[in-house]
Peer 1: 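Sending over a structure as structure tokens; questions will come in a sec.
Per chain, numbering begins at 1; letters A, B, ... match sequence-line order.
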Amino acid sequence: MLITDAEIIQQDEILPGYYRVTLSAFLAAIAAKPGQFLHVRCGSTLDPLLRRPLSIHAVNRERGEISLFYRIVGRGTALLAGKRKGEKVNLLGPLGSGFTMPVGVSAAVVVAGGIGIAPLYFLLQELSALKTCADVFLGASTSKQLFFTQEIEALGHRIFSATDDGSVGYHGTVVDLFEQNPAGRVYGCGPAGMLKRLSQVIKQNELCGELSLEERMGCGVGACLSCVCKTVNEGNGARYSRVCVDGPVFPAGEVVWE
Amino acid sequence: MLITDAEIIQQDEILPGYYRVTLSAFLAAIAAKPGQFLHVRCGSTLDPLLRRPLSIHAVNRERGEISLFYRIVGRGTALLAGKRKGEKVNLLGPLGSGFTMPVGVSAAVVVAGGIGIAPLYFLLQELSALKTCADVFLGASTSKQLFFTQEIEALGHRIFSATDDGSVGYHGTVVDLFEQNPAGRVYGCGPAGMLKRLSQVIKQNELCGELSLEERMGCGVGACLSCVCKTVNEGNGARYSRVCVDGPVFPAGEVVWE
Amino acid sequence: MTAPSKVTAENKSINLVVNIGGIQMKNPVTTASGTFGYGSEYAPYIDLNRLGAIVVKGITLQPRAGNPTPRLAETPAGVLNSIGLQNPGVEVFIEELLPRLAGYDLPVIVNIAGETVQDYGRLAARLDRAPGVAGVEVNISCPNVKQGWMLFGSDPDMAGEVTGIVKANTGKPVIVKLSPNVTSIVAVAEKVAAAGADALSMINTLLGMSIDVKKRRPVLGNVVGGLSGPAVKPVAVRTVWQVYREVKLPIIGMGGIMTAEDALEFILAGAAAVAVGTANFVNPRATMDVLDGIEKYMTEHGIQNISELVGAAQN
Amino acid sequence: MTAPSKVTAENKSINLVVNIGGIQMKNPVTTASGTFGYGSEYAPYIDLNRLGAIVVKGITLQPRAGNPTPRLAETPAGVLNSIGLQNPGVEVFIEELLPRLAGYDLPVIVNIAGETVQDYGRLAARLDRAPGVAGVEVNISCPNVKQGWMLFGSDPDMAGEVTGIVKANTGKPVIVKLSPNVTSIVAVAEKVAAAGADALSMINTLLGMSIDVKKRRPVLGNVVGGLSGPAVKPVAVRTVWQVYREVKLPIIGMGGIMTAEDALEFILAGAAAVAVGTANFVNPRATMDVLDGIEKYMTEHGIQNISELVGAAQN
Ligand SMILES: Cc1cc2nc3c(=O)[nH]c(=O)nc-3n(C[C@H](O)[C@H](O)[C@H](O)COP(=O)(O)OP(=O)(O)OC[C@H]3O[C@@H](n4cnc5c(N)ncnc54)[C@H](O)[C@@H]3O)c2cc1C
Ligand SMILES: Cc1cc2nc3c(=O)[nH]c(=O)nc-3n(C[C@H](O)[C@H](O)[C@H](O)COP(=O)(O)OP(=O)(O)OC[C@H]3O[C@@H](n4cnc5c(N)ncnc54)[C@H](O)[C@@H]3O)c2cc1C
Ligand SMILES: Cc1cc2nc3c(=O)[nH]c(=O)nc-3n(C[C@H](O)[C@H](O)[C@H](O)COP(=O)(O)O)c2cc1C
Ligand SMILES: Cc1cc2nc3c(=O)[nH]c(=O)nc-3n(C[C@H](O)[C@H](O)[C@H](O)COP(=O)(O)O)c2cc1C
Ligand code: FES
Ligand code: FES
């Protein structure tokens with residue numbers, strides 16, 4: 001919960017339109033937990049005005065560095081991608097709840113759709129540090145968008161790939177692939193449609209799982225009520241929870257999908 | 001009258017808050033006349049929105065380069081000063097009327113207050129090319145703000161300095177200094193108060209002169225009528241002329257001061 | 001000296017023609033009054049013939065000197081102006097300025113402003129006899145000097161009255177330009193429609209002001225001014241959306257259009273045409289960029305006729 | 001974990017105290033309702049005790065779930081929101097949320113919203129008995145469900161009626177928050193003043209909308225929303241300027257304040273206090289930066305008492 005002007009240590013275009021930026025932010029790096037995000041001021045003028053929520057993708061605590069992995073979607077992310085080494089970026093965070101680390105026997109299973117690997121990679125780093133080996137289901141449109149496979153394997157995890165075009169691995173969605181052998185404690189992140197399907201699979205198979213959601217954000221600190229999602233309310237149907245402070249990570253069973 | 005994305009060749013801080021930027025803009029350099037200005041897009045987002053008028057300060061036609069000399073006043077000029085070599089700046093221009101070059105015998109006299117030297121330096125370049133030697137009256141708050149004295153002398157002109165604090169040259173305003181020996185065809189640029197005084201001196205001594213004015217601008221091309229100044233209207237008092245197309249250079253006798 | 005105007009590979013399968021209350025426009029892109037002078041100012045930068053129409057700076061019966069300076073103030077993503085309708089009067093306009101547009105193949109719409117209801121009638125009558133006028137756009141965001149300086153456009157009945165007298169004095173299409181500074185723009189639009197308007201344009205500027213904290217004085221010489229530019233776009237799109245649902249007249253949408261995407265917001269909300277205003281100051285080729293972008297969007301989305309998009313977000 | 005709150009070298013010669021209709025504030029900087037939650041959300045970033053007052057998120061009689069998402073859209077230098085007054089209702093507010101502010105040394109102003117005139121009366125009465133409430137701010141930009149969903153704030157008489165019933169039901173200072181979506185904000189302010197309001201706050205958001213051109217649908221789940229942020233500042237400053245001239249009530253100015261300079265524009269136009277809203281989202285320390293900047297301005301310009309600046313640009 002800091003406001004920092006963080007210096008860019010490195011900015012790489014991983015694939016056209018996909019960037020990884022590494023920032024020097026010592027206190028934030030120390031505090032960060034997997035699943036949390038930073039609220040990033042991509043520009044410096046009044047346009048664009050709002051911060052952009054981006055998941056913490058990787059952390060190097062010794063060096064006090066935090067990495068973000070992001071896709072250019074609109075003006076905010078485009079401005080961020082235009083920043084070079086040495087420039088500063090104002091960060092607010094770490095914000096939000098993180099993933100619950102697995103306890104006891106249950107095997108950790110990570111299911112990521114596309115850019116959804118962003119927060120899960122940090123989780124995989126932490127699992128690795130805990131000597132926990134995870135099964136990682138990676139889905140993408142095409143093989144090139146299966147990101148960080150070597151790094152994930154180097155962390156000691158096992159990868160199962162799915163591509164929409166069948167260019168690598170299973171030909172179909174990552175949830176379809178996971179459904180073929182559904183087991184373990186699931187950590188999911190990806191597009192809304194994918195998460196909805198994943199939560200059904202989790203439910204049908206009586207698994208435990210946590211999903212990281214996205215919603216448009218104003219404040220990022222729970223004050224404006226713009227980032228809500230529907231969650232189950234004991235007794236009377238649904239209620240609105242704030243993705244920024246009640247999430248972005250929610251137990252899979254709590255999210256009410258439209 | 002071009003729209004160009006011009007690359008920055010060089011950007012120098014001449015004095016804290018005062019910058020000279022050189023841009024590669026071949027066609028604009030060829031077309032430019034002393035007294036004209038460029039309408040510069042200092043940012044790239046919707047804030048700040050408008051272009052900023054900046055006089056053409058120097059031109060190198062062989063290299064196709066144009067220089068601007070500017071002071072940081074607000075957000076637009078601050079953004080421009082933050083741009084580095086290799087970055088692009090969108091220019092509209094050259095715009096406006098230029099100075100009329102002296103004909104015949106009358107000696108050219110340049111009277112510049114502070115940053116007012118910006119357009120006059122280009123005039124001095126051109127006079128020099130015509131082998132015309134000018135008397136240059138430079139005024140500033142203090143000696144450090146007497147800009148480009150060596151360059152001006154190298155062009156073959158004679159300098160007479162005035163400073164408000166008396167740190168160099170005459171202790172007083174540049175108009176006071178000029179008034180001690182008022183003669184020649186006058187070219188003036190500087191703050192409104194100074195130009196008003198200068199026009200009085202010109203009138204009292206029945207000289208000929210041209211003044212470069214400033215006014216807030218929208219379009220820069222004569223369409224919006226925001227940049228007007230009062231000028232004499234034959235017969236009935238004053239009328240509004242557009243600084244952007246009818247000026248920015250006006251015959252001293254035409255401007256009606258409030 | 002300008003780049004040669006881009007001749008679009010006119011995609012023959014795309015139909016961009018719109019009809020604004022009887023004015024046939026070859027495409028929906030026009031200019032916002034007061035931001036485009038009398039047209040020729042922008043001729044060095046764009047091919048005027050590619051515009052759907054041109055709307056010129058507001059004209060009054062008598063010449064007007066306009067307001068004291070400063071007349072312009074930049075605000076966040078916007079501009080405040082208080083030009084004060086500086087113009088040479090309708091006679092000089094017809095004799096000197098209008099002929100300059102004669103050589104172009106595009107409808108010229110003349111924006112008119114009055115101090116009394118009668119002024120509007122006289123202006124309409126005078127322009128009805130002028131050659132080369134395709135229609136009039138009635139600026140009702142002016143004070144009625146006979147009725148307590150209340151703006152014509154702020155009262156539905158006064159707006160209707162002005163519309164009526166203009167209609168009575170011209171056979172040409174009448175576009176009434178609505179002000180957003182009202183409690184219900186729909187109420188004004190309804191009266192204006194009932195009084196016979198052929199089309200609506202919206203929005204005129206929002207009333208605003210800026211203060212110079214160093215001088216502790218208003219920035220504008222006129223104290224208050226009209227706010228335009230991207231800042232007002234959400235308000236403008238909302239008014240078009242509301243009026244489109246209630247009033248069956250073609251709408252020229254404007255307010256902060258910088259790009260084709262902005263223009264499409266207005267069209268999808270219900271505007272049949274769009275006007276580019278403040279954007280011209282930032283990018284003299286803005287009208288052309290908007291037009292090219294609309295064509296591109298239609299091609300990419302398989303839209304044959306621009307009319308398919310008008311109000312499409314309402315469904 | 002946050003930086004230690006900056007203890008200003010309280011320049012003893014500067015007097016920042018303002019009195020807003022009976023609410024004594026140690027300085028003129030407060031928060032805009034709905035942008036600052038119930039206060040504690042920003043406690044990690046700033047020292048709440050340095051605020052002049054805190055205005056909490058709007059409260060209704062019954063709990064409200066709010067509008068469907070998306071509830072937020074970014075616009076040029078602005079934000080559209082359609083939260084839909086999500087709140088737990090006045091009872092839960094008094095029992096659970098209000099006590100969290102008990103430990104702070106600052107006036108808590110409760111923003112209230114109703115669907116009927118009676119709602120406002122009941123809310124006022126209930127809060128009158130609640131400990132730790134310094135005053136109420138009446139949000140009249142809500143639809144009157146009994147009268148054709150017209151907004152209370154868009155009609156001077158309804159605005160006056162709401163003000164009257166709130167005043168009748170509380171002994172605490174009543175601030176009425178005006179909507180800019182009206183033909184004459186002065187007319188509304190006058191009725192509200194006549195009905196007994198102790199102070200005014202202005203402005204609430206401008207009605208706006210955005211359209212997603214890819215989806216061809218409105219961006220907001222609720223179609224229309226309220227525009228706030230720097231984009232609206234010129235409109236907000238203008239309303240403060242106009243109302244200050246005609247109505248002798250203290251004004252809390254807001255709308256796009258990001259910096260001390262922005263706040264000073266409002267103060268110079270006539271606001272006795274200022275509220276920081278959307279800026280909190282961009283800079284959680286915005287309120288403190290505004291406060292520090294006002295102090296700096298006063299020191300630099302030799303202003304002893306903030307009251308010297310209120311309305312100073314009017315002279
Ligand atoms: C908790 C959280 C974590 C995220 N982590 C990542 C990440 O690690 N990598 C990544 O590439 N993206 C991530 N996103 C999505 C990312 O925030 C958006 O892609 C980004 O805000 C788009 O901004 P823009 O200006 O480029 O796009 P624009 O479309 O121009 O943005 C317009 C507005 O919409 C909002 N917006 C647009 N798309 C989204 C979205 N998907 N979610 C939330 N707000 C959105 C923007 O914040 C902005 O306010 C995350 C979102 C959330 C909520
Ligand atoms: C024809 C012309 C030539 C000029 N040449 C030069 C030059 O060579 N060097 C130089 O340093 N300055 C010059 N100026 C002044 C320069 O345009 C302003 O300093 C600049 O626009 C300030 O922009 P800003 O964003 O930094 O300041 P801000 O104060 O933030 O600008 C706010 C708005 O006010 C306008 N504005 C502010 N000051 C002026 C001013 N003095 N004249 C016109 N508009 C103003 C800006 O353009 C902008 O629209 C010239 C002005 C004109 C009209
Ligand atoms: C400098 C300027 C002058 C204007 N003059 C007129 C005018 O004479 N008549 C009129 O009806 N509208 C006038 N307008 C309003 C514009 O036509 C348009 O309605 C408004 O600017 C919103 O569009 P924009 O945001 O694209 O500029 C003027 C606007 C500006 C900025
Ligand atoms: C997300 C959000 C929620 C708001 N909720 C309320 C509210 O509950 N009650 C109210 O009176 N105003 C509400 N407002 C309006 C603000 O209090 C303020 O009047 C407006 O945002 C203008 O100020 P700003 O530009 O500084 O944000 C809200 C504004 C925003 C952005
Ligand atoms: S972003 Fe404001 S409550 Fe979540
Ligand atoms: S700046 Fe538009 S007329 Fe001069």
Peer 1: If you look at every heavy atom in D:Leu227 and C:Ala231, which pair is closest and at what distance?
Peer 2: CD2-O, 3.9 Å

Peer 1: Taking donor and acceptor roles from the modelled atom types, list the N and O pairs under 3.5 Å across chain C and chain D.
Peer 2:
from, atom 1, to, atom 2, distance (Å)
C:Thr183, N, D:Thr183, OG1, 2.9
C:Thr183, OG1, D:Thr183, N, 2.9
C:Thr183, OG1, D:Thr183, OG1, 3.2
C:Leu207, O, D:Arg238, NE, 2.9
C:Leu207, O, D:Arg238, NH2, 3.2
C:Met209, N, D:Pro234, O, 2.9
C:Ile211, N, D:Glu265, OE1, 2.8
C:Val213, O, D:Tyr297, OH, 2.5
C:Arg216, NE, D:Tyr297, OH, 2.9
C:Arg217, NH1, D:Ala313, O, 2.9
C:Arg217, NH1, D:Asn315, O, 3.1
C:Pro234, O, D:Met209, N, 2.9
C:Arg238, NE, D:Leu207, O, 2.9
C:Arg238, NH2, D:Leu207, O, 3.1
C:Glu265, OE1, D:Ile211, N, 2.8
C:Tyr297, OH, D:Val213, O, 2.5
C:Tyr297, OH, D:Arg216, NE, 3.0
C:Ala313, O, D:Arg217, NH1, 2.8
C:Asn315, O, D:Arg217, NH1, 3.1

Peer 1: Exactly one of C:Val235, C:Leu207, C:Leu206, C:Val232 should register a side-chain contact (heavy atoms from CB on, under 4.5 Å) with D:Val235. Which one does?
Peer 2: C:Leu206

Peer 1: Tell me, for D:Leu309 versus chain C, whether the close heavy atoms (under 4.5 Å) come from the side chain, the backbone, both or neither.
Peer 2: side chain

Peer 1: Under 4.5 Å, counting heavy-atom pairs only, tell me which of D:Pro234, D:Ala312, D:Ala236, D:Pro230 racks up the most with chain C.
Peer 2: D:Pro234

Peer 1: So which of C:Gly78, C:Ala73, C:Ala77 has the largest heavy-atom pair count under 4.5 angstrom toward chain D?
Peer 2: C:Ala77

Peer 1: Could you report the tightest heavy-atom contact between C:Ala313 and D:Pro218, atom names first, then the distance?
Peer 2: O-CD, 3.8 Å

Peer 1: Check whether C:Val213 gets within reach of chain D through its side chain, its backbone, both or neither, counting any heavy atom under 4.5 Å.
Peer 2: both

Peer 1: For residues 270-284 of chain C, pull every pair meeting salt bridge (Lys or Arg N to Asp or Glu O under 4.0 Å), keeping only residues two or more places apart or in separate chains.
Peer 2: none

Peer 1: Does any pair with a residue in residues 201-223 of chain C pass ring-ring contact (aromatic ring centres under 6.0 Å, His included), and if so which ones, sequence neighbours excluded?
Peer 2: none

Peer 1: Please look at C:Val240 and chain D and tell me whether the side chain, the backbone, both or neither of the residue comes under 4.5 angstrom of a heavy atom of that chain.
Peer 2: neither

Peer 1: Determine which residues belonging to residues 266-275 of chain D lie within contact range of chain C, meaning some heavy atom pair is under 4.5 Å apart, and list them by number or answer 'none'.
Peer 2: D:Leu268, D:Ala269

